[in-house]
Amino acid sequence: MKHSQKHLLVRSCMMLAGILFIAVCVGSYRLSGFGVDAFTCMNLGISGAIEMRFGTWQLIMNAAILILVFFTVRQCIGAGTIVNMVCVGYGADFMCWIAEDVLQIQMTLPLRIGALVAGCLFAGLGVAFYMAAEMGIAPYDSVALILQKVTKNRIPFQYARVISDVTCVVIGAGFCLSAGDNLWMIVGIGTLCNAFLNGPLIQFFKTHVSEPILKKYTSDKNS
């Protein structure tokens, strides 16, 4: 196999694996019942406050961020961007359907804690995989890169990600409270874990897992 073809194949597999991991992450958070991820938290809070369907608002928000990405870090847009936007939600729904309706798993406290831990780990691993593949990432995952670029790399990626995640949680909580909705329906320990740990975990998995895998299977000696 030619080097360029092998490189494309490895990157495509990493991109798909990363998106699968993100779907598992979202499904795990939902099954844990300990709160949703930061971006979902914001969108649930705003959509509830303005009385708009969650899916419709999330699509609007993704489109708005995608426009910003186009004018700032255009290299982040690719096949993975579209696959992520379309498949993550359905993948998470499928995972929850299997667990709740087909297998009828009773989410006891130990299982909920396990799902929370899995959600945190797969969140970092998934983003690290499809960022390393460089075939496009979800619009929201580009926000930290935009912040990093705007500050001319004075803010490292992991801290830029924490800033964007925490900001989303604060916005979501603010809209939720202003609308008189139940805050704990969208914010929980899982939300806080995602907001504060996701950036460092992404950086860790990029450095120690995804980038070494990409380098190993695309180097000239393996062609």
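Residue numbers start at 1 and run along the sequence shown.
- The shortest side-chain heavy-atom distance between Met131 and Leu145 falls under the 4.5 Å cut-off.
- Judged by distance alone, with hydrogens and angles left aside, the side-chain atoms of Arg161 form no donor-acceptor pair with the main-chain N or O of Gly199 at under 3.5 Å.
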Go through the steps for Thr191 and Asn194 under the test side-chain hydrogen bond (donor to acceptor under 3.5 Å, both in side chains), then give the verdict.
-> CA-CA 5 Å; Thr191 311; Asn194 181 271; over 6 Å; no

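- Of the possible polar contacts, one joining the Thr167 side chain to the Ile163 backbone as a donor-acceptor pair under 3.5 Å is found.
- Residue Phe94 qualifies as open at atom CZ: its count of foreign heavy atoms under 6.0 Å is 12 or below.
- Between Leu147 and Val143, every side-chain heavy-atom pair lies at or beyond the 4.5 Å cut-off.
- Aromatic rings of Tyr29 and Phe34 (six-membered ring for Trp) have centroids beyond the 6.0 Å cut-off, not under it.
- Screening Leu16, Leu125, Leu121 for a side-chain contact (heavy atoms from CB on, under 4.5 Å) involving Phe21 leaves a single residue, Leu125.
- Within the 3.5 Å criterion, the main-chain N or O of Val69 finds no donor-acceptor partner in the side chain of Arg74.
- A 6.0 Å sphere centred on OH of Tyr159 holds no more than 12 heavy atoms belonging to other residues, nucleotides or ligands.
- Relative ring orientation between Phe39 and Tyr140 is described as parallel, the plane-to-plane angle staying below 30° on a 0-90° scale split at 30° and 60°.
- Transitive grouping of hydrophobic side chains (ILVMFWY, heavy atoms separated by less than 4.5 Å) brings Ile105 and Val117 into a common cluster.
- Residues Met61 and Asn43 form a side-chain contact, since some pair of their non-hydrogen atoms from C-beta on lies under 4.5 Å apart.
- Residues Phe129 and Ser210 are in side-chain contact: their nearest non-hydrogen atoms beyond the backbone lie under 4.5 Å apart.
- Contact check for Pro200 versus Val162: side-chain heavy atoms found under the 4.5 Å cut-off.
- A donor-acceptor distance shorter than 3.5 angstrom exists from the side chain of Thr81 to the backbone of Ile137, with no hydrogens or angles considered.
- The shortest distance between side-chain heavy atoms of Arg112 and Leu31 does not fall below 4.5 Å.
- Taking 4.5 Å as the limit, every side-chain heavy atom of Gln106 sits out of range of all side-chain heavy atoms of Leu111.
- Between Gln148 and Thr151, the shortest heavy-atom distance links the atoms O-OG1, 3.2 Å.
- Closest heavy-atom contact between Gly124 and Asn198: N-OD1, 3.4 Å.
- Judged by the 6.0 Å distance and 45° axis criteria, Lys206 is positioned over the aromatic ring of Phe157.
- Hydrophobic clustering (ILVMFWY, side-chain heavy atoms < 4.5 Å, transitive): Phe196 and Val187 are in distinct clusters.
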